[in-house]
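Worksheet: one structure, shown below.
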Amino acid sequence: MNDWQPAASREALRQRARMLAGIRAFFAQANVLEVTTPMLSQAATTDVQIDSFTVTSGAQPRYLHTSPEFPMKRLLAAGSGDIYQICQVFRVDEAGRLHNPEFSLLEWYRVGWDTGQLIEEVVSLIQTAADALGRRAPIHVRRMSYAQAFHEALALDAHAATVQQLCAAGEHFGLGVVGRLDRDGWLDVLFSECVAAGFPVDSLTVIDAYPASQAALARIRPGTPPVAERFEVFVGPVELANGFHELADAHEQAARFTRDNRRRGELGRAQMPADERLLAALAAGFPDCAGVALGLDRLLMWLGGWERIDQVLAFPWARA
């Protein structure tokens, strides 16, 4: 058996080390505090598209975190100020060329910032990581709203198009979607298969102002139409980062947990225990802030020219 050996080359391991050192130096210079929070929690993600690993210990199960977001927000509510964390996170059934069920995530929060400021810092951090690997040329960045990107690719208004119009667009592009999708389902499929598929692979594409129905943990900005204060960063069609002007309303957060679990039940997925400690932290007083999560394995793949996530992991899922 040779699968005891690492999947990543020594060069890939060196690149990872240089990238992490550059990231830590970036945050040290910016006076952002590095923190560590538990990987195991009594609560789990209620996100409809993500499942948590369950660890049975005694009478009460624990869940491996899919993101350090909730405990980091508890630190913010306790007055930590600006913080970041580099950690391993876990998501069930995520395996493939771009996915591993265990992967490296960088997450950070800036108090008093909005998404515009944080987007600029995300780009600056990625440039710093590139410099650490010897890529000195400035990274090109395109920025547009969700509606602009959708209209450019499909000539549709993402905020007003009906399910029938979205379905017709899917049929026109031959997506062959099986089963019935609701409006957000169609938006997700069309965005990933038709919109993001056209993003350039040699630059970053930043998409912001998502539909309010796709706010996740972001605030809703009133207007016509209202939009989520959320952004994502892509390289080609691959998502690198997902950020929010963070929701601070405990009641709204509880309602979103409930809606998520109701939808999970409708889809035949297990309903998950919501994080009551996060709700208590929000109710105690949460600072105005923006936060973002960035996938470090995918970032290293792009910067180092690697084709598969296995090439940048010492021991991917099959060898773990």
Side-chain angles (χ1 to χ4, degrees), residues 47-50 96-99 114-120 122-123 126 138-245 247 256 259-260 263 266-267 290 292-295 298 302:
D47 190 300
V48 177
Q49 304 301 327
I50 300 174
R97 186 178 74 84
L98 298 171
H99 297 85
D114 59 19
T115 53
Q117 293 167 292
L118 190 55
I119 287 169
E120 291 181 5
V122 171
V123 172
I126 291 174
I139 293 173
H140 181 257
V141 181
R142 299 190 321 149
R143 182 174 173 181
M144 63 184 74
S145 71
Y146 186 99
Q148 288 171 326
F150 215 88
H151 188 270
E152 182 179 286
L154 300 172
L156 285 175
D157 183 341
H159 297 293
T162 65
V163 171
Q164 291 74 21
Q165 289 173 317
L166 297 172
C167 179
E171 292 177 353
H172 174 75
F173 283 94
L175 297 186
V177 176
V178 177
R180 298 180 62 185
L181 295 178
D182 60 13
R183 191 172 185 281
D184 276 317
W186 273 113
L187 287 175
D188 285 343
V189 169
L190 288 168
F191 188 88
S192 62
E193 298 296 327
C194 302
V195 180
F199 293 164
V201 298
D202 59 350
S203 61
L204 299 176
T205 301
V206 180
I207 303 296
D208 64 2
Y210 275 66
S213 58
Q214 298 187 16
L217 300 176
R219 299 183 184 205
I220 304 296
R221 184 167 67 236
T224 307
V227 295
E229 295 190 56
R230 171 188 176 189
F231 69 90
E232 288 188 293
V233 181
F234 296 84
V235 56
V238 179
E239 178 198 340
L240 290 182
N242 189 15
F244 310 128
H245 191 172
L247 180 66
R256 293 189 192 183
R259 286 197 295 271
D260 283 350
R263 183 59 178 155
E266 292 169 355
L267 295 173
V292 62
L294 188 153
R298 290 183 177 183
W302 182 53

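Keep in mind that the numbers below use all heavy atoms, side chains included, and drop hydrogens, waters and symmetry copies.
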Nearest-0.5 Å distance, [atom1] of residue [X] to [atom2] of residue [Y]:
| X | Y | atom1 | atom2 | result |
| --- | --- | --- | --- | --- |
| L118 | E229 | CG | CD | 12.0 Å |
| E232 | I207 | CD | CD1 | 8.5 Å |
| L175 | L166 | CG | CG | 11.0 Å |
| R263 | D184 | CZ | CG | 9.0 Å |
| E193 | D188 | CD | CG | 11.0 Å |
| E239 | L98 | CD | CG | 11.0 Å |

Inset, instruction - Using the test side-chain contact (heavy atoms from CB on, under 4.5 Å), find all partners of H151 that sit at least two apart in sequence or belong to another chain. - result: none
Inset, instruction - Would you check if H140 and D202 make a side-chain contact, meaning some heavy-atom pair closer than 4.5 Å? - result: no
Inset, instruction - Verify, without hydrogens or angle tests, whether Q117 (side chain) and D114 (backbone) share a donor-acceptor contact under 3.5 angstrom. - result: yes
Inset, instruction - Verify, without hydrogens or angle tests, whether Q214 (side chain) and P211 (backbone) share a donor-acceptor contact under 3.5 angstrom. - result: no
Inset, instruction - From the options V123, I119, L204, select the one residue that forms a side-chain contact (heavy atoms from CB on, under 4.5 Å) with V233. - result: L204
Which pair of heavy atoms, one from [X] and one from [Y], lies closest together, and at what distance?
| X | Y | result |
| --- | --- | --- |
| D157 | H159 | OD1-N, 2.9 Å |
| A158 | L187 | O-CD2, 3.9 Å |
| T115 | A290 | N-CB, 4.3 Å |
| V238 | R298 | CG1-CD, 3.7 Å |
| A209 | S145 | CB-CB, 4.2 Å |
| P200 | T205 | CD-OG1, 3.8 Å |

Inset, instruction - Classify the angle between the aromatic ring planes of F191 and Y146 as parallel (below 30°), tilted (30 to 60°) or perpendicular (above 60°). - result: parallel
Inset, instruction - Walk me through it: do L294 and I126 pass the test side-chain contact (heavy atoms from CB on, under 4.5 Å)? - result: CA-CA 10 Å; L294 188 153; I126 291 174; 4.0 Å; yes
Inset, instruction - Evaluate the criterion side-chain contact (heavy atoms from CB on, under 4.5 Å) for residue pair R259 and R256; output intermediate values, then yes/no. - result: CA-CA 5 Å; R259 286 197 295 271; R256 293 189 192 183; 3.1 Å; yes
Inset, instruction - Check the pair W302 / I139 against side-chain contact (heavy atoms from CB on, under 4.5 Å), numbers first and verdict last. - result: CA-CA 12 Å; W302 182 53; I139 293 173; 3.9 Å; yes
Inset, instruction - Can you tell me which residue pairs pass the salt bridge (charged side-chain N to carboxylate O under 4.0 Å, His left out) test with a partner in residues 140-155, sequence neighbours excluded? - result: R143-D208
